[in-house]
Amino acid sequence: DEIVVSELASRLKVNVTEVIKKLMMLGAMVGQNEVIDFDTASLVAEELGAKVEKEVIVTIEERLFEEEEDAEENLEERSPIVVVMGHVDHGKTSILDKIRNADVTSTEAGGITQHIGAYQVNVHGKNITFLDTPGHEAFTAMRSRGALATDIAILVVAADDGIMPQTVESINHAKAANVQIIVAINKMDKPTANPERVKQELTEYGLVPEEWGGDIVCCPVSALTGEGIDQMLDMVLLTADMLELKANPNRLAKGTVIESRLDKGRGPIATLLVQNGTLKSGDVLIAGTAVGRVRVMTNDKGLKVDEAGPCVPVEVAGLAEVPTAGDEFAAVANERLARELVEKRKHEQKEEQFKQYQKVTLDNLFDQMKEGELKELPIIVKADVNGSVEAVRQSLEKLSNDEVRVRVIHGAVGAVNRSDVMLAQASGAIIIGFNVRPDNNAREMSEAGEVEIRLYRIIYDAIDDVKQAMKGLLTPKT
Ligand code: GDP
């Protein structure tokens, strides 16, 4: 039984160079399109935290996370997760504050409202979870990073101002996220309020109010007087009912990091919004490259809690580093594997950063230099005689300037071979050959692996090409 190297990499969900490097460490020099036997593949897989069972590769992620679908009978009703969007100054913050302060449960429990990035309010015995950071940009930034699932977007439009540029952006962001839109026509207390005009304008963006035969609920409100806020919350609950939102509270928690910061006394602090399962004190958590145990959990009322079920936002202390807002988090059963996965993720991050200025060719060299991404141009020199290698090394390295350092990382006599290409691949180098040719292996590998090999007969031509490329004056090769 055999497997192609690139196939192994994709099954392991790692970069192919990662697999090639591990193979090199095991003493096997192979390219990404070559086959290796299963025993070798297993060794590589294990090096990367995966496990091979009956010739099936199980990745570290699959071993760590419970990915089974929840059976219907385990699902319970959950509260809606709501985000507030709209143009600046139309009243997003005022509405969020009004709703929070109207919540009686916070004072009943003896807590004091805390701004942790999200809060839950109780309306007629049902909960609604609000994301406390208004605005579509924060929302989309978070959504693009992870699995932040919001169910409903409240689009705030000031009745005296109508639809403005950020209202339109918000509409498009909400549509892209496939969330249900409810419109809050705010500032109804103002004498200049004109809700009919707002509704008219909404139709121009495909949002047709219910009373005009469409499916968009419009709630006239005033964040100043509080008028209409209760009715709006009722509409949120009604909409949530129709969405039939469910979660399974009886499994390990997973969800999204809403906010994070480093507290001087308590260390890394993260606000987590549980989206499925229940998070408990003492659980092992992984969020991006942060790992740790839940030490202390506090809710949005500042009270210590021991568990947080679906849609409950909590502040958690205990992670070893500060995760990024928008990261997915998960509670896991195996701490050792979680630490291994974090190591793998950190490594991948570094590789990613490295790659930023890695795939360099003489043709894109100048652009990369301009963007400040390229600090060093690594070159591999192969030539027919030793004298040429040394001459070229010196001439090329002399081209270094303030912006970029030219460095010959490897120079030798002989044809360009597979190990040259692998080195180039791993270090982002360009290969320059004098009076030599790549052998067949190297040619195939370089084509597949996007490594640039430039061949010359005259040393001066090579130096001139690099010099011109550094000035952005190289005529592209056709
Ligand atoms: P945001 O930028 O959308 O978060 O808007 P804010 O909540 O900060 O509100 C912007 C301004 O509008 C503030 O001065 C609020 O006091 C005012 N404002 C918000 N809602 C109302 C309202 O319903 N009526 C009136 N008259 N003013 C409001």
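Order of listing sets the numbers, starting from 1, for every ligand and every atom in it. Counting from 1, the numbers follow the sequence of the chain as shown.
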Just checking, is any N or O donor in the side chain of [X] or [Y] under 3.5 Å from an acceptor N or O on the other one?
{"X": "T289", "Y": "E321", "value": "yes"}
{"X": "N194", "Y": "D160", "value": "no"}
{"X": "E259", "Y": "H115", "value": "no"}
{"X": "T256", "Y": "Q275", "value": "yes"}

Can you check whether [X] has an N/O within less than 3.5 Å of an N/O in ligand 1?
{"X": "A223", "result": "yes"}
{"X": "G91", "result": "yes"}
{"X": "K190", "result": "no"}

Using a strict cut-off of 4.0 Å, indicate which atoms of ligand 1 neighbour a heavy atom of [X].
{"X": "D89", "value": "1 (P), 2 (O), 3 (O), 5 (O), 10 (C), 12 (O)"}
{"X": "S222", "value": "23 (O)"}
{"X": "D189", "value": "22 (C), 23 (O), 24 (N), 25 (C), 26 (N)"}
{"X": "K92", "value": "1 (P), 2 (O), 3 (O), 4 (O), 5 (O), 7 (O)"}

Measure from atom 19 (C) of ligand 1 to every heavy atom in G228, S94, G86, A193 and give the option owning the shortest one.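 The residue whose heavy atom sits nearest atom 19 (C) of ligand 1 is S94.
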
Counting heavy atoms only, name the option from N186, V156, L224, V88 that's nearest to atom 20 (N) of ligand 1.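 Selected option, by shortest heavy-atom distance: N186.
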
Tell me, which pairs form a side chain to side chain donor-acceptor pair (under 3.5 Å) where one or both residues lie in residues 223-234, sequence neighbours left out?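 Every pair satisfying side chain to side chain donor-acceptor pair (under 3.5 Å) with a residue in residues 223-234: H124-D234, S222-T225.
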
Please say whether more than 12 non-hydrogen atoms of neighbouring residues, nucleotides or ligands are located less than 6.0 Å from CD in E204.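 Counting other residues, nucleotides and ligands, CD of E204 exceeds 12 neighbours.
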
What residues, two or more places apart in sequence or in another chain, satisfy salt bridge (Lys or Arg N to Asp or Glu O under 4.0 Å) together with E210?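 Testing E210 for salt bridge (Lys or Arg N to Asp or Glu O under 4.0 Å), a comparison that skips the adjacent residues, returns none.
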
Heavy-atom contact check, 4.0 Å cutoff: does H87 meet ligand 1?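 It does, in that a heavy atom of H87 comes within the 4.0 Å cut-off of ligand 1.
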
